[in-house]
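To start, the structure itself, in structure tokens.
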Amino acid sequence: MSRIKIPAREDALAESQPLLDTVEKRLGFVPNLHCLLSISPPVLTGLLHLQDTLSKTLDARTRNAIALAVSEVNACSYCLSAHCYVASHINHTALEEIALNRRGESGNAKIAAAARFAAKVVDARGHIDDEEFNAVRDAGFTDPQILEIVALAVQFQMTNLINNVTGTEIDLSMIEESPVQRGGDAS
């Protein structure tokens, strides 16, 4: 049960309604996380701007692998459910790959390097060594892309922490289809 009451979509603050409309257009529904954040329009606005901006970095599979790796490090059930759903139903990622991503790995060496690096950045709170930094560079990521990996890790860390602190209830639409929730291969 959520520690903060999550308003129903229609009960969100007037200032948050246009923001939630944007989320609904993008996803087809409004996740509980966004309804929760609607009680603080500045926080919702900040997250949406960050998500929108960083959605233009790297490719969708790499971004989602980073999301899964970071969410696993932070043990965020809500985000794991959401990103498993996105990986399997939007990006059409195999369950085996989702399981690898959660461990900071991938069947693709470059994606594995990004996921592993992001997980290490979060786990070590940014205190990584030269070997870890050079591994992501040696995998073919440019310096701007390395900054993007770190920024994505921060974005996912933000939602992980919000969901872990508040105990955001997992949406029914994600539970029905998410491998993490039905005990599939993604665990």
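More than 12 heavy atoms of other shown residues, nucleotides or ligands fall within 6.0 angstrom of atom CG in Asp143. At most 12 non-hydrogen atoms from other residues, nucleotides or ligands lie less than 6.0 angstrom from CD of Glu131.
Between Ala69 and Ala115, the shortest heavy-atom contact is CB-O, 3.6 Å. In plain terms, the two heavy atoms of Thr62 and Ala114 that are nearest each other are CG2-CB, 3.8 Å. Taking each heavy atom of Ser38 and Ser16 in turn, the nearest pair found is O-OG, 2.7 Å. The minimum heavy-atom distance between Asn163 and Cys79, with the atom names listed, is ND2-SG, 3.4 Å. In this structure, Val30 and Val23 approach most closely via the heavy-atom pair CA-CG1, 4.2 Å. Residue Ala135 comes nearest to Ala113 through the heavy atom pair O-CB, 4.5 Å, listed as atom of the first residue, atom of the second, then distance.
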key: Residue pair Arg116, Val136: steps toward the side-chain contact (heavy atoms from CB on, under 4.5 Å) verdict   = CA-CA 9 Å; Arg116 190 171 33 255; Val136 75; over 6 Å; no

key: Residues Ser71, Asn160; criterion side chain to side chain donor-acceptor pair (under 3.5 Å); working and verdict   = CA-CA 6 Å; Ser71 297; Asn160 292 169; 3.1 Å; yes

inquiry  = Assess the residue pair Met158 and Val43 against the criterion (side-chain contact (heavy atoms from CB on, under 4.5 Å)); give the C-alpha distance rounded to whole Å, side-chain angles, the decisive distance to 0.1 Å, and a yes or no.
reply    = CA-CA 10 Å; Met158 177 184 175; Val43 174; 4.2 Å; yes

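Using modelled atom types and a 3.5 Å distance limit, the side chains of Glu97 and Ser106 yield a donor-acceptor pair. Side-chain contact of Thr93 with Arg61: a donor-acceptor pair under 3.5 Å is present, judged by distance alone. Side-chain contact, Tyr78 with Asn164: no donor N or O sits under 3.5 Å from an acceptor N or O.
Taking a cutoff of 4.0 Å between a charged side-chain nitrogen and a carboxylate oxygen, Asp129 and Lys120 do not qualify as a salt bridge. Electrostatic pairing of Glu72 and Arg103 does not count as a salt bridge here, judged by no charged N lying under 4.0 Å from a carboxylate O. With respect to the salt-bridge test (charged N to carboxylate O, under 4.0 angstrom), the residues Arg9 and Glu24 qualify.
Counting heavy atoms from C-beta outward, Ile146 and Arg137 have side chains that approach closer than 4.5 Å. Residues Leu58 and Ile66 meet the side-chain proximity criterion, which asks for heavy atoms closer than 4.5 Å. Proximity of Cys76 to Thr159: side-chain heavy atoms (C-beta onward) are nowhere separated by under 4.5 Å.
Under the 4.5 angstrom side-chain criterion for Ile, Leu, Val, Met, Phe, Trp and Tyr, Leu161 has no cluster partners at all.
Atoms CZ and CG, from Arg102 and Leu80 in turn, are 4.5 Å apart once rounded to the nearest 0.5 Å. Atom OG1 of Thr168 is separated from atom CE of Met1 by 12.5 Å, given to the nearest 0.5 angstrom. Annotation: the span from Asp171 atom CG to Leu27 atom CG amounts to 10.0 Å, rounded to 0.5 Å. Separating the CG atom in Leu33 from the CD atom in Glu169 is a distance of 13.0 Å, to the nearest 0.5 Å. Note that CD1 of Ile149 and OG1 of Thr57 are 9.0 Å apart. Values are rounded to the nearest 0.5 Å. Rounded to the nearest 0.5 Å, atoms CD1 (Ile98) and OG (Ser88) are 4.5 Å apart.
Ile162 and Ile4 end up in the same hydrophobic cluster when Ile, Leu, Val, Met, Phe, Trp and Tyr side chains are linked at under 4.5 Å.
Annotation: salt bridge (Lys or Arg N to Asp or Glu O under 4.0 Å) contacts of Lys56 (sequence neighbours excluded): Asp52.
Every pair passing ring-ring contact (aromatic ring centres under 6.0 Å, His included) that includes a residue from residues 124-164 is listed here, sequence neighbours excluded: His83-Phe156.
Side-chain atoms of Gln17 come within 3.5 Å of backbone N or O of Ala12 as a donor-acceptor pair. No donor-acceptor pair under 3.5 Å is formed between the side chain of Asn64 and the backbone N or O of Ala60. Judged by distance alone, the side chain of Gln145 and the main-chain N or O of Thr142 form a donor-acceptor pair under 3.5 Å.
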